[in-house]
Structures are given as C-alpha cells and as structure tokens.
Number of protein chains: 2
Amino acid sequence: MQISSRFTIALHIFTCVDTFQEEYKVTSDFLASSINTNPVIIRKILTQLKQAGLITVARGTGGITPTRPLSDITFYDVYKAVDSIEDDTLFHFHENPNPQCPVGRNVHGLLDGKLKAIQDAMENEMRKYTIEDLRDGMQELLTVEGS
Amino acid sequence: MQISSRFTIALHIFTCVDTFQEEYKVTSDFLASSINTNPVIIRKILTQLKQAGLITVARGTGGITPTRPLSDITFYDVYKAVDSIEDDTLFHFHENPNPQCPVGRNVHGLLDGKLKAIQDAMENEMRKYTIEDLRDGMQELLTVEGS
DNA sequence: TTCAGTTGTAACCATCACAGTTTCATCTGT
DNA sequence: ACAGATGAAACTGTGATGGTTACAACTGAA
C-alpha cells in the first residue's frame with residue numbers, strides 16, 4: 001500500500017508558503033492551483049497540519065504561518081500529521097492468530113521486534129529532512145531555472 | 001496507510017511450513033486454522049509467493065516447498081511478493097502539479113531523491129531479516145515454552 | 001455596516017483496496 | 001474412481017481516498 005498523496009501535498013504546501021509568501025497571498029485557492037486539486041482538499045490538509053501544531057491559519061483574511069523555525073519541522077512531523085495510523089504501527093498484523101497453535105501464539109513475539117526495527121528505519125530517515133531543506137532546495141532549483 | 005496483513009500472514013505461513021512440515025501435512029486449511037482466516041485467503045497469498053518464485057505448491061496432494069535456502073529469502077522478497085506497488089514507489093505523489101507554477105514544475109525534482117532515500121531505508125532494513133531468522137527464532141521460543 | 005474574500009465543515013459521490021466467503025473446476029496419489 | 005487438495009471466479013461488506021458542492025462563520029477594508 002502506498003502512503004497517501006496528502007503527504008507530498010503537505011510538503012508542496014510548505015514549499016509554496018516559503019516561496020511565495022512575500023509576493024502573493026497564499027490561500028487555499030492559490031495552493032489548489034499550484035497543486036492542481038480542489039481547494040477543499042487543501043483546507044482539510046491545512047486542518048491536519050494545524051491540529052498537529054505545525055502551522056496557524058488566519059480565518060477571513062487567509063494566510064499560513066509555520067509555528068516554529070523551518071529547521072524544526074521534519075518530514076516525520078508532516079507525515080504523522082497527515083497520515084497518522086492507528087496505534088502508530090506501519091504493519092497491519094492479522095488480528096487473531098490461533099492461540100492453540102504453537103506458531104499462532106508465538107508469532108507476535110517472533111515478529112514484533114523486527115517489524116518495529118523496519119518502521120524505525122523509515123521514520124528515522126524521515127526525521128533527517130526538514131522544511132528548511134525544501135526551502136533551500138527550491139531556491140536553488142529556481143536560481144538554476146532563471147539563469 | 002498500513003502495509004496489508006498479507007505480509008505478516010506470509011511470514012506466518014513460512015514459519016508454519018518450517019515448524020510443522022515434518023509432523024503434519026501443511027495445507028491451506030491447516031494454515032488457515034493457525035492464522036485464523038479463510039483457506040482461500042491463504043491460497044491467494046500462496047499464489048503470489050509462487051509467482052514471485054519463492055515457493056512451489058503441490059497440486060492435488062498439497063504441500064509447500066521454498067525454492068531456495070531460507071537464508072536467501074528476506075522480508076523484502078516476501079514484501080515485494082505480496083504487497084507490490086505500482087511503479088515500486090512507496091509514496092503516492094499528487095499526479096499533476098501545475099507546470100505554470102515555479103514550485104509545481106519543480107516539486108518532483110525537489111522531493112524525489114529524498115522520498116527514495118526514505119523508501120530505501122525501509123527496504124534495506126527489510127533485507128536484513130530472513131526466513132531462516134524466523135525458523136531459528138521460533139525454535140527458540142518453542143524451547144522456552146516447553147521448558 | 002455592508003461586502004468581498006477567505007476559511008471551516010458537513011454532506012455527498014465514485015473509485016479502489018482489502019478481507020472474507022461460496023462455489024466449482026482441476027489436479028494428484030492411492 | 002475417489003478423496004483430498006489447489007486454483008480461480010464471482011460476489012459481498014467495509015473503509016480510505018480523492019473529489020465536489022454548498023453553506024456557515026470569520027475578517028479586514030471600503
């Protein structure tokens with residue numbers, strides 16, 4: 001299964017805010033146009049980012065503001081905000097293995113540690129990248145484009 | 001989004017084959033009982049494992065045989081067999097960012113490398129664990145249980 | 001104080017993946 | 001031939017996703 005596009009959309013949103021906030025009013029309509037989707041989709045994601053405490057959104061007037069330095073917002077923070085999973089377990093374990101069976105009653109003990117290690121590997125890599133990296137990377141790409 | 005339970009079920013299947021093949025005929029009915037699901041679910045997963053070249057399944061008589069040494073079958077192999085994703089991309093990118101927008105036309109260039117690094121981190125960790133590890137671990141658990 | 005612009009949210013809809021189930025054809029060793 | 005097993009088709013229910021319309025609520029400015 002794939003991780004939902006809400007994640008890449010959220011990163012796209014942050015990048016647009018960084019890039020355009022001086023020049024334009026960055027509204028859900030503006031973002032929807034850049035991302036090429038519906039403004040309501042954007043607002044739903046903004047709500048999730050807001051609930052996670054990553055941004056504030058101005059009602060009426062519009063406008064998005066990160067609540068902390070961009071170097072303190074990692075991909076992991078964004079992922080957890082928009083794609084949170086029940087119990088934080090990446091792997092969906094089959095629910096009721098047979099306790100009468102020696103394998104059935106031990107399969108959790110056998111697998112849980114390894115599955116967690118895999119999930120940790122992914123999440124730790126996610127923690128390495130920040131919104132600041134995106135801002136810097138985009139500035140570089142735009143400089144190259146402009147030259 | 002969670003990775004489907006087919007993955008843990010497949011690992012459960014391999015463990016049952018290892019553990020019980022001497023003692024019982026390991027059929028889809030037998031496995032369905034240990035895993036506590038429907039035999040047809042098991043057969044669908046067996047078909048995927050077979051198509052990936054990891055096992056052979058005997059028709060008529062029943063019986064499952066891995067095609068290579070258990071130390072050569074990794075979690076990654078099993079994951080790819082039962083949970084394959086379109087294009088092998090873990091992250092679902094929003095499809096059509098606006099090419100008129102400087103961010104829209106550069107967002108792929110900005111993100112693709114980082115997303116791939118995250119996916120690689122997960123998959124490389126998956127490659128560290130083999131079905132042999134499961135067999136050994138289960139033997140140990142059963143020894144402790146029996147003592 | 002009205003008004004235009006914006007966010008927040010509810011109520012839908014279509015599509016898809018997942019897990020499960022029934023049913024039956026097909027294969028294989030005895 | 002038969003019992004026991006796999007293979008596969010067809011169908012169901014459930015939930016997530018992505019999208020859309022509609023409207024209430026808020027805000028700053030005219």
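As a basis for the values below, the full set of heavy atoms in this structure was taken, side chains included, without hydrogen atoms, waters or symmetry mates. A, B, ... follow the sequence lines: proteins, then strands. Residue 1 opens every chain.
- Atom CG in B/Asp29 sits about 17 Å away from atom P in D/dA3, given to the nearest Å.
- Here the nucleotide nearest the side chain of B/Lys25, chosen from D/dG28, D/dT20, D/dG4, is D/dG4.
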Please encode protein proximity along nucleotides 9-18 of chain C as a string of B, S and -, counting only heavy-atom distances under 4.0 Å. BBB-----SS
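- As rounded to whole Å, 8 Å separates atom P of D/dT6 from atom CG of B/Leu46.
- Put simply, B/Thr27 has no side-chain N or O that comes within less than 4.0 Å of OP1 or OP2 on D/dG4.
- Criterion: ILVMFWY side-chain heavy atoms under 4.5 Å apart, direct or through other members. Under it, B/Met1 and A/Leu90 are not part of a common hydrophobic cluster.
- In this entry the distance linking CZ of B/Phe30 with P of D/dG4 reads 17 Å, nearest Å.
- Classification of the A/Tyr76-A/Tyr79 ring pair by plane angle, with boundaries at 30° and 60°, yields tilted.
- Put simply, the side chain of B/Gln21 never gets that close to the backbone of B/Val26: no donor and acceptor are under 3.5 Å apart.
- Between B/Met138 and B/Asp18, the closest side-chain pair of non-hydrogen atoms is not below 4.5 Å.
- You'll find the side chain of B/Phe14 reaches within 4.5 Å of the side chain of B/Ile55, heavy atoms only.
- We find that CG of B/Asn96 is positioned 10 Å from P of D/dG19, with the value rounded to whole Å.
- Close to D/dT6, at under 4.0 Å from its OP1 or OP2, lies no side-chain N or O of B/Thr61.
- Between the CZ atom of B/Phe7 and the P atom of C/dA19 there is a distance of 13 Å, rounded to whole Å.
- Residue A/Asn38 places its side chain closer to D/dT20 than to any other of C/dT22, D/dT20, C/dT7.
- Between the CD1 atom of B/Ile42 and the C1' atom of C/dG20 there is a distance of 12 Å, rounded to whole Å.
- Looking only at side-chain heavy atoms (C-beta outward), A/Ile3 and A/Thr8 stay at 4.5 Å or farther from each other.
- A straight line from CD1 of A/Ile45 to P of C/dT7 spans 14 Å, rounded to a whole angstrom.
- If you check every strand for non-hydrogen atoms under 4.0 Å, B/Gly60 touches a base.
- No option in A/Ile35, A/Val17, A/Leu31 other than A/Ile35 meets the side chain to side chain contact (heavy atoms under 4.5 Å, CB included) test with A/His12.
- The interatomic distance linking A/Ile41 (CD1) with D/dG18 (C1') rounds to 5 Å, in whole Å.
- Of the side-chain N and O atoms in A/Ser28, one or more sit less than 4.0 angstrom from OP1 or OP2 of C/dT7.
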